[in-house]
Enquirer: 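Take this structure first; my questions come after.
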2 protein chains.
Amino acid sequence: MPENTSTVIPPGKTYSLAVQMVSQRVIERLAIYRRILENLLPDKEPAIFSHQLADLAGTTAAQVRQDLRVIGYAGSTRSGYQVARLLKGIDDFFSLSETEPTVLVGVGNLGMALITYFSLRNSRPDIVAAFDTDPEKVGKVYHGCRCFSMDELNQIVKEQYVRIGIIAVPTDAAQETADSLAAAGIRGILNFAPVTLRGNHGIFIENIDLTLALEKVAFFSKQ
Amino acid sequence: MPENTSTVIPPGKTYSLAVQMVSQRVIERLAIYRRILENLLPDKEPAIFSHQLADLAGTTAAQVRQDLRVIGYAGSTRSGYQVARLLKGIDDFFSLSETEPTVLVGVGNLGMALITYFSLRNSRPDIVAAFDTDPEKVGKVYHGCRCFSMDELNQIVKEQYVRIGIIAVPTDAAQETADSLAAAGIRGILNFAPVTLRGNHGIFIENIDLTLALEKVAFFSKQ
DNA sequence: TAGATTGTTAATCGATTAACAATC
DNA sequence: TAGATTGTTAATCGATTAACAATC
């Protein structure tokens, strides 16, 4: 559909339409391609074929071509996809130009580890504040990230235009936390509590359930 | 198919057949149902309808009935599914009678947090040993879990009949670690390193990519 | 009984894969 | 050119949902 090859579709109506239609699977794979390309960049390999990218990502060439189609990036039949430009194309599609302010609720073992993990690899989603109900923790600074009381959630989310929240609280407090985040204006949640959060219409929720993941491995490791 | 109602299919050929055919999605949902039932048990509610379970699990009644079908559990048209017996049915299907010995490789920030996390909620997959290349860490005991050198991996895996491995090493070391685990006889891997592990035929690999998950939330939180 | 729920089969939906003319 | 790869369309595959007779 785009008449100019080797480029991404321009921002505008087509863009936002595409965003709505793209499935979670496609986004996951695009993120994987992105990381592969990033690692490939220093190698000075100018281009890569769909089957090479597929090999590295653990998928198929047809899948890769289909996926890249949704971001409107066109390769060439001679040399495949230009690494640097494709990377730029995915970044543009993800709107990964500036960092995305993120808050984390629950500074327990897992919460602490997440703060460390994300701050060490200064990921684009950047944890700007942590929250906890424990007065012992409030006021402390972990890896450059200050811990606030829950009372301050609303203010900080608004002041810093935070759209993403991470839930690392105990199971019992998870639903309440999700409601607070939603009320403060959060648009997306990464939830580590092993419960199905409910009634958050319009908010995107991604669940990471560590115990469930391990149980899944246990099940399938028995063939 | 099973002529006796309100029971699970007996172990045997049907059983192992079912295991092979069941998709990952179904297993994930069964694990979720399982946790819900577990929490419901103290409430002394004897039974639950498919639509109630669906509400709690964030799915549909038809989906629940379809899922329960694969484990061969039959409810009654009058009262639905008996909580205690269904829970037992899922446990049997998962073979969750005894604990599953598990090893963890990479005792960094994330690895430490995982040891703490899993030991605190004494999950059925039980981390019996940790491994690290850092001589400083070898010999130390974290939450009752001793850290060994990688040289000892083979022996411990064999002695303790370990089938599951968790990879929490830096990205560069992940593939090497996976190969070592595979060589030692591990059958399933939970991988936290942001790389696609390759060439491990016959080994089940579940990836948890924290950065990717957060990027996914960032993307969809923009609608 | 009347009404709600079940197991099961059929229909729908969406995602992956295959096929192929166009291209360099 | 010959040959490999591309974008795109069609075919396949699998998973979810809808429908409904049977049941309590």
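Throughout, protein chains are lettered first and strands after them, A, B, ... in sequence-line order, and every chain is numbered starting at 1.
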Enquirer: How close do A:Val217 and B:Ile189 get, counting heavy atoms only, and between which atoms?
Expert: CG1-N, 3.7 Å
Enquirer: Test side chain to side chain contact (heavy atoms under 4.5 Å, CB included) on A:Asn207 and A:Ile205; report intermediate values, then the result.
Expert: CA-CA 6 Å; A:Asn207 295 299; A:Ile205 297 179; 3.7 Å; yes
Enquirer: If you measure from CG on A:Leu197 to CD on A:Glu176, what distance do you get to the nearest 0.5 Å?
Expert: 12.0 Å
Enquirer: Nearest-Å distance, CD (B:Gln24) to P (C:dA15)?
Expert: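 Spelled out: CD on B:Gln24 to P on C:dA15 is 17 Å.
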Enquirer: Would you say B:Thr60 places a side-chain N or O within less than 4.0 Å of OP1 or OP2 belonging to D:dT16?
Expert: no
Enquirer: Just to confirm, is there a sub-4.0 Å distance from OP1 or OP2 of D:dT5 to any side-chain nitrogen or oxygen of A:Ser79?
Expert: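 No, because none of the side-chain N or O atoms of A:Ser79 sits under 4.0 Å from OP1 or OP2 of D:dT5.
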Enquirer: Can you tell me if B:Asn109 and A:Tyr117 form a side-chain donor-acceptor pair at under 3.5 Å?
Expert: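 Note: B:Asn109 and A:Tyr117 side chains miss the donor-acceptor criterion.
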Enquirer: State, without any angle test, whether B:Ser79 and B:Ser76 hold a side-chain donor-acceptor pair at a distance under 3.5 Å.
Expert: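 B:Ser79 vs B:Ser76: donor-acceptor pair found between side chains.
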Enquirer: Under 4.0 Å: is that the gap between some side-chain N or O of A:Tyr81 and OP1 or OP2 of D:dG7?
Expert: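 Yes.
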Enquirer: Please determine whether a side-chain nitrogen or oxygen atom of A:Ser76 lies at a distance below 4.0 Å from atom OP1 or OP2 of C:dC24.
Expert: no
Enquirer: Please give, in whole Å, the distance from D:dT6 C1' to A:Leu68 CG?
Expert: 11 Å
Enquirer: Ignoring hydrogens and geometry beyond distance, is the side chain of B:Thr77 in donor-acceptor contact with the base of C:dT6 at under 3.5 Å?
Expert: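 Not at all, since no donor on one side and acceptor on the other fall under 3.5 Å apart.
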Enquirer: What is the distance from CD of B:Gln63 to C1' of C:dT8, rounded to the nearest Å?
Expert: 15 Å
Enquirer: Taking the side chain of B:Phe49 as its heavy atoms from C-beta onward, which of C:dT6, D:dT17, D:dT8 lies nearest to it?
Expert: C:dT6
Enquirer: Going by purine N1 to pyrimidine N3 plus the second Watson-Crick contact, or the G-U wobble pair, all under 3.5 Å, which nucleotide sits opposite D:dA10?
Expert: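 For D:dA10, the partner nucleotide comes out as C:dT17, under the 3.5 Å rule.
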Enquirer: Rounded to the nearest angstrom, tell me the gap between atom CG in A:Leu30 and atom P in C:dA15.
Expert: 14 Å
Enquirer: Quickly work out the B:Arg29 CZ to D:dT17 P distance and round it to whole Å.
Expert: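 Distance check: B:Arg29 CZ to D:dT17 P gives 8 Å.
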Enquirer: I need the CG-C1' distance between B:Asp67 and C:dT8, as an integer number of Å.
Expert: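 The answer, rounded to whole Å, is 15 Å.
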Enquirer: A:Arg65 side chain N/O closer than 4.0 Å to the phosphate oxygens (OP1, OP2) of D:dT5?
Expert: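 False: A:Arg65 side-chain N/O out of range (4.0 Å or more) of D:dT5 OP1/OP2.
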Enquirer: I need the NE2-C1' distance between B:His51 and D:dA18, as an integer number of Å.
Expert: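 Rounded to the whole Å, the gap is 17 Å.
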Enquirer: Rounded to whole Å, how long is the line connecting atom CD of A:Glu28 with atom P of C:dA15?
Expert: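 My rounded result for the distance is 12 Å.
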Enquirer: Could you please name the option among C:dA15, D:dC24, D:dT17 that lies closest to any side-chain atom of B:Arg78?
Expert: D:dC24
Enquirer: Please determine whether any donor N or O and acceptor N or O are separated by less than 3.5 Å between the side chain of A:Gln66 and the base of D:dT8.
Expert: no
Enquirer: Using both distances under 3.5 Å as the test, list the Watson-Crick or G-U wobble partner of C:dG3, or none.
Expert: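 Pairing partner: D:dC24.
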Enquirer: Given C:dG7, C:dT5, D:dT5, identify the nucleotide with an atom nearest to the side chain of B:Arg69.
Expert: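 Minimum distance to the B:Arg69 side chain belongs to C:dG7.
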